[in-house]
Amino acid sequence: MARIVLKFGGTSVGDVDRIKAVAMRVKTEVDAGHQVAVVVSAMSGVTNQLVGYVDAVSPLYDAREYDVVVSSGEQVTSGLLALALQELGFRARSWQGWQIPILTDNAHGKARIESINGEDVIASMQAGEVVVVPGFQGITTDGRVTTLGRGGSDTSAVALAAALEADRCDIYTDVEGIYTADPRIVAKARKLEKITYEEMLEMASVGAKVLQTRAVEMAMKHAVRLQVLSSFTNKPGTLVVDEDEVVEQELVSGIAYSRDEAKITLVKVADRPGVAARIFGPLADASVNVDMIVQNVSDDGKATDLTFTVTRSDLDRAVAILEERHDDLGYQNLTSDSDVVKVSVIGVGMRSHAGVAQRMFKSLADEGINIQVISTSEIKVSVLIAEEFTERAVRALHSVYGLDAE
Ligand code: ADP
Ligand code: ASP
Ligand code: MG
């Protein structure tokens, strides 16, 4: 007998029939004698709809109320799945984030889980109940509802698996595992049997939304046995493992892209000490994450252009903050562009091999694609390009690094 956490994403619980199908899958595990906790997402499309309502009422919304609205999608699915399990003859109940509780910090809209008290949930499982937990939601110590950022149900599942000391955590989704690139845009993408935590972490952080970054971080930290697989087929998925479990390491293991990018340029900012701190300080205070940054060398030593990227959902907020401080920062003008995408090449093999970045730049040049911003880490190279070239760039890179399936 094992204790397991199963997570089902939006498409996997996309309608009532899918929820009934999930109940059948849970039944298989319960019939095998396992203690099962199920984490569910909102039905596909629901979270976007809820975000749309918030934007329509209040574009620069109060994030605490945003969380109240957007966390509700998961509540619906958790109740429905508990009911579907009861219809199959099981004792099942839902546990909302505040009932467990799943405690988070107060960074509303992208909160971090601080602790989960698994006691009551474990007692319920030991008493023979199937536990159903809505993903994505938590609560602060002063009792306000939080959400964990888009894709956050993955993190709920891994955190719960860690708290319950589960033997495994299976993430059911709408593709058969983790691929060398998004299989929806690269037909020749290959399914990986295994991927290291580190590579998956990097892939997720640059946009491969098959797992939320924090879920991978947490799985790595707590050594959660994590598998990604399809809820639509019965095939083995991809295991996320330690580096020593992967026998042969590719130079490049995957290509990822993120459309959730927007670029801001401050034209002719004063070139003197302290200016960058005055620009990025208020953005950080407002929880705006800045990602890629380039600052040109100034020709005259007086003024320079500064370009950086933020997520699309933070763009309006970031622009408002910078415009408010126009006089203090003394830039000439501000431009922004959200028709950009970040494309990244990832591989632990890069640590010991030169030339990966050069091949990337050459391949994009051959496709006639202009690179706007570049950033690198030990095991990844990212470029910002115009969004219209996304598919072309990802496919070309997938092929140039020899990742295409035969
Ligand atoms: P869920 O609702 O189950 O959480 P998501 O839409 O969040 O599903 O994540 C699954 C999607 O991630 C897939 O449909 C696929 O388009 C996308 N994806 C992006 N990169 C990859 C990758 N490298 N491997 C697998 N899927 C990927
Ligand atoms: N429903 C949330 C979202 O769409 C969380 C999740 O599905 O992981 O982002
Ligand atoms: Mg997801």
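Start at 1 and go down the list; that is how both ligands and their atoms are numbered. Heads up: numbering here begins at 1 and tracks the sequence.
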(message) Is there a polar contact, in the sense of an N or O pair closer than 3.5 Å, between Thr11 and ligand 1?
(response) no

(request) Quick one: look up the protein heavy atom nearest atom 7 (O) of ligand 2 and list residue, atom name and how far away it is. (result) Ser41 OG, 3.0 Å

(message) Looking only at the side chains, is there a donor atom on one of Glu74 and Thr77 sitting less than 3.5 Å from an acceptor on the other?
(response) no

(request) Give the residue, atom name and distance (to 0.1 Å) of the protein heavy atom nearest atom 6 (C) of ligand 2. (result) Ser153 OG, 3.4 Å

(request) Inspect the contact between Arg93 and Glu129 and indicate whether a charged nitrogen and a carboxylate oxygen are less than 4.0 angstrom apart. (result) no

(message) Any nitrogen or oxygen of Thr180 lying under 3.5 Å from a nitrogen or oxygen in ligand 1? Just yes or no.
(response) no

(request) Would you indicate which of Thr238, Asp182, Val175, Ile171 comes nearest to atom 18 (N) of ligand 1 when only heavy atoms are counted? (result) Asp182

(request) Output yes when Asp339 and Lys263 qualify as a salt bridge under the 4.0 Å nitrogen-oxygen rule, no when they do not. (result) no

(request) Flag Gly10 as yes when one of its N or O atoms lies below 3.5 Å from any N or O atom of ligand 2, and as no otherwise. (result) no

(message) With a 4.0 Å cut-off on heavy atoms, is Gln212 in contact with ligand 2?
(response) no

(request) Examine Lys7 against ligand 2 and note whether any of their N/O atoms are separated by less than 3.5 Å. (result) no

(message) One thing to verify: whether Asp142 and Arg144 come together as a salt bridge, which I'm taking to mean a side-chain N less than 4.0 angstrom from a carboxylate O.
(response) no

(message) Any heavy atom of Ala189 closer to ligand 1 than 4.0 angstrom?
(response) no

(request) Tell me whether the guanidinium CZ or amine NZ of Arg325 lies under 6.0 angstrom from the six-membered ring centre of Tyr331 and within 45° of its axis. (result) no

(request) Could you tell me whether Asp314 and Lys110 have a side-chain N and a carboxylate O separated by less than 4.0 Å? (result) yes

(message) Does the residue Gly73 have a heavy-atom contact with ligand 2, meaning some pair of atoms that are separated by less than 4.0 Å?
(response) no

(message) Can you tell whether the side chains of Glu217 and Arg112 come within less than 4.0 Å, N to carboxylate O?
(response) yes

(request) Measure the distances from the heavy atoms of Gln212 to every atom of ligand 1 and state whether one is below 4.0 angstrom. (result) no

(request) To the nearest 0.5 Å, tell me how far Asn333 CG sits from Thr335 OG1. (result) 6.5 Å

(message) Suppose we measure from atom 6 (O) of ligand 1 to each protein heavy atom; which comes out shortest, and what is that distance?
(response) Lys209 NZ, 3.4 Å

